[in-house]
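Here's the structure, in structure tokens; my notes come after.
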Amino acid sequence: MSTRLAGPLAGAARVRPDGWLATPLTTNPAHAEAQARALVHRHHPAAPGPVRCLTARYRTATFTLGTPPRLLLKRHGDKAAYLGEILAYQLLDAEGVLPDLHTASDTSRTLVVDFLDESADIDSQDGFEELIAAVAAIHTAPARWPEPVTEAMSPWRLDRAAASPAPAWIRRPDAWRDLLRMAVHAHGDESVPLGHLDLKADHCRRRPDGHLALIDAETLRPDLTGLPDLVTLAHLGQVEGRTLAPRWIRETYRRHTNALGAQWSDSGLVRALTAFAAATGLVSLHGIDQ
């Protein structure tokens, strides 16, 4: 895999080289739309028509369903991304932070969710705090999982991760172990280190109930902790004309996560962020540790 630096997680993120996907999707909108109609007919027969192509990319394609659009069909070319998104919907079902999932097909790697066309404004401090609150709900969701979900996700528990060798891509295993120990202290040894969201302004939308929701949940992972998301929030708060202080973002995140059951101290959170950077090779914490 390439080690080219990318985005707010430069140094910690690895960008795949061109051509990595064995069976890419068509990027021709007309072809993509024709294929989607056949998939809807076969795998999602209750979905409304017409099918209209919204995006056609080699890795994913999206289509609106209904007039006016009521639902969104998402198709994945990458099996891992499809499974990651389905996992996110299953793990966060009770949190109200994603669009509602209606149906999914493992065979076609497609899912049908609510079409959320209304953007959530995160440029103001109040709007950005709403985003932070949604992220905090995701990071603490394992504390509220029903027993069957908790049992199914037990292989990814923090205590087991802390007792296992560091992943091969980790640059400093000692810093990784320090990070996991601090996460155990904050979230409990039976929690799962849920995180790694694709946080962008365009991915913040309004649900029908008025709450902020995040779209494109395919990147969610149960093994990285929420620290990369906090770093991304710091970056997001300082781009596209925003001037939100990283310290305010950190304090607001800690307040919301602790209200949902975590036990982060401010100094502990800073140490964890520093350990994450050291463990992964992250180039910048974007001031979130200051």
Side-chain angles (χ1 to χ4, degrees), residues 76 79-106 109 111 113-114 131-167 169-170 176-199 207 209 211-230 232-233 253-265 268-269 272-273 275-276 279:
H76 285 279
K79 182 179 180 180
Y82 167 76
L83 293 175
E85 188 144 22
I86 291 301
L87 181 67
Y89 277 100
Q90 293 171 337
L91 298 182
L92 302 174
D93 179 60
E95 301 303 324
V97 293
L98 302 179
D100 286 343
L101 173 67
H102 293 270
T103 61
S105 168
D106 293 349
R109 298 176 190 164
L111 57 158
V113 300
D114 279 347
L131 170 60
I132 294 173
V135 172
I138 292 170
H139 292 172
T140 59
R144 297 179 293 279
W145 284 344
E147 183 58 35
V149 176
T150 298
E151 180 60 29
M153 295 301 294
S154 62
W156 287 273
R157 282 175 21 176
L158 273 167
D159 57 348
R160 297 181 181 183
S164 301
W169 61 274
I170 291 296
W176 181 251
R177 287 191 294 272
D178 288 345
L179 166 62
L180 292 178
R181 281 196 292 267
M182 287 181 275
V184 165
H185 179 76
H187 291 276
D189 56 8
E190 296 184 1
S191 187
V192 171
L194 210 59
H196 196 248
L197 305 165
D198 191 6
L199 297 174
R207 288 168 48 93
D209 59 13
H211 290 98
L212 182 146
L214 296 171
I215 61 173
D216 286 356
E218 66 194 61
T219 62
L220 186 74
R221 289 177 54 168
D223 62 347
L224 288 180
T225 80
L227 274 299
D229 297 330
L230 186 50
T232 302
L233 284 170
Y253 171 83
R254 187 170 69 89
R255 174 164 51 83
H256 280 283
T257 53
N258 286 1
L260 292 170
Q263 299 181 49
W264 283 113
S265 67
L269 191 53
L273 286 160
F276 173 77

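Worth saying up front: this structure is predicted, and the values here are computed from it rather than measured.
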Task: Closest heavy-atom pair and its distance - A134, L212 - done: CB-CD2, 3.9 Å
- [ ] Could you pull out the closest heavy-atom pair between S191 and P142, with the gap in Å?
- [x] OG-CB, 3.7 Å
- [ ] Would you name the heavy atoms of P99 and L214 that are closest together and state the gap between them?
- [x] CD-O, 3.4 Å
Open item on the list: Applying ring-ring contact (aromatic ring centres under 6.0 Å, His included), can you list everything that pairs with F276, at least two apart in sequence or on another chain?
Closed with: none
TODO: Please report the shortest heavy-atom distance between A275 and M182, naming the atom on each side.
DONE: CB-CE, 3.9 Å
Open item on the list: With a 4.5 Å cut-off on side-chain heavy atoms, are R144 and L260 touching?
Closed with: yes
Open item on the list: Counting C-beta onward and ignoring hydrogens, is there a side-chain heavy-atom pair between V184 and L158 closer than 4.5 Å?
Closed with: yes
Open item on the list: Looking at W264, is its backbone amide N or carbonyl O close enough to the side chain of N258 to form a donor-acceptor pair, meaning the two atoms are under 3.5 Å apart?
Closed with: yes
- [ ] Starting at OG of S164, measure out to CZ of R157 and round the result to the nearest 0.5 Å.
- [x] 11.5 Å
Task: Separation between CZ of R255 and CD1 of I132, rounded to the nearest 0.5 Å - done: 8.5 Å
TODO: For H102, look at atom NE2 and say whether over 12 heavy atoms of other residues, nucleotides or ligands are found less than 6.0 Å away.
DONE: yes
TODO: Measure the shortest side-chain to side-chain distance between D198 and I215 over non-hydrogen atoms and say whether it is less than 4.5 angstrom.
DONE: no
Task: Side chains of S154 and R160 in contact at under 4.5 Å (non-hydrogen atoms) - done: yes
Open item on the list: Please check this pair: side chain of R207 against backbone of L98, looking for a donor-acceptor N/O pair closer than 3.5 Å.
Closed with: yes
Task: Check: L111 main-chain N/O paired with Y82 side-chain donor or acceptor under 3.5 Å - done: no
- [ ] State, yes or no, whether a side-chain contact exists between R181 and R177 at a heavy-atom distance under 4.5 Å.
- [x] yes
Open item on the list: With rounding to the nearest 0.5 angstrom, report the CD1 to CG distance, I86 to L101.
Closed with: 5.5 Å
Open item on the list: Can you tell me how far apart CG (L224) and CH2 (W156) are? Round to the nearest 0.5 Å.
Closed with: 13.0 Å
- [ ] Report yes or no: does R109 contribute a side-chain atom to a donor-acceptor pair with the main-chain N or O of A81 at less than 3.5 Å?
- [x] no
Task: P222 side chain near M153 side chain, heavy-atom distance below 4.5 Å - done: yes
Open item on the list: For H139, run the side chain to side chain donor-acceptor pair (under 3.5 Å) check against D229, T225, T257 and tell me which one passes.
Closed with: D229
Open item on the list: Quick check: do L91 and V192 have side-chain heavy atoms less than 4.5 Å from each other?
Closed with: no
Task: Worked verdict on L227 versus L269 for side chain to side chain contact (heavy atoms under 4.5 Å, CB included) - done: CA-CA 9 Å; L227 274 299; L269 191 53; 4.3 Å; yes
- [ ] Over all heavy atoms of both residues, which pair between A136 and Y253 is shortest? Give the atoms and the distance, please.
- [x] CA-CE1, 4.5 Å
Open item on the list: Are L83 and H76 packed together at the side-chain level, in the sense that at least one heavy-atom pair is separated by less than 4.5 angstrom?
Closed with: no
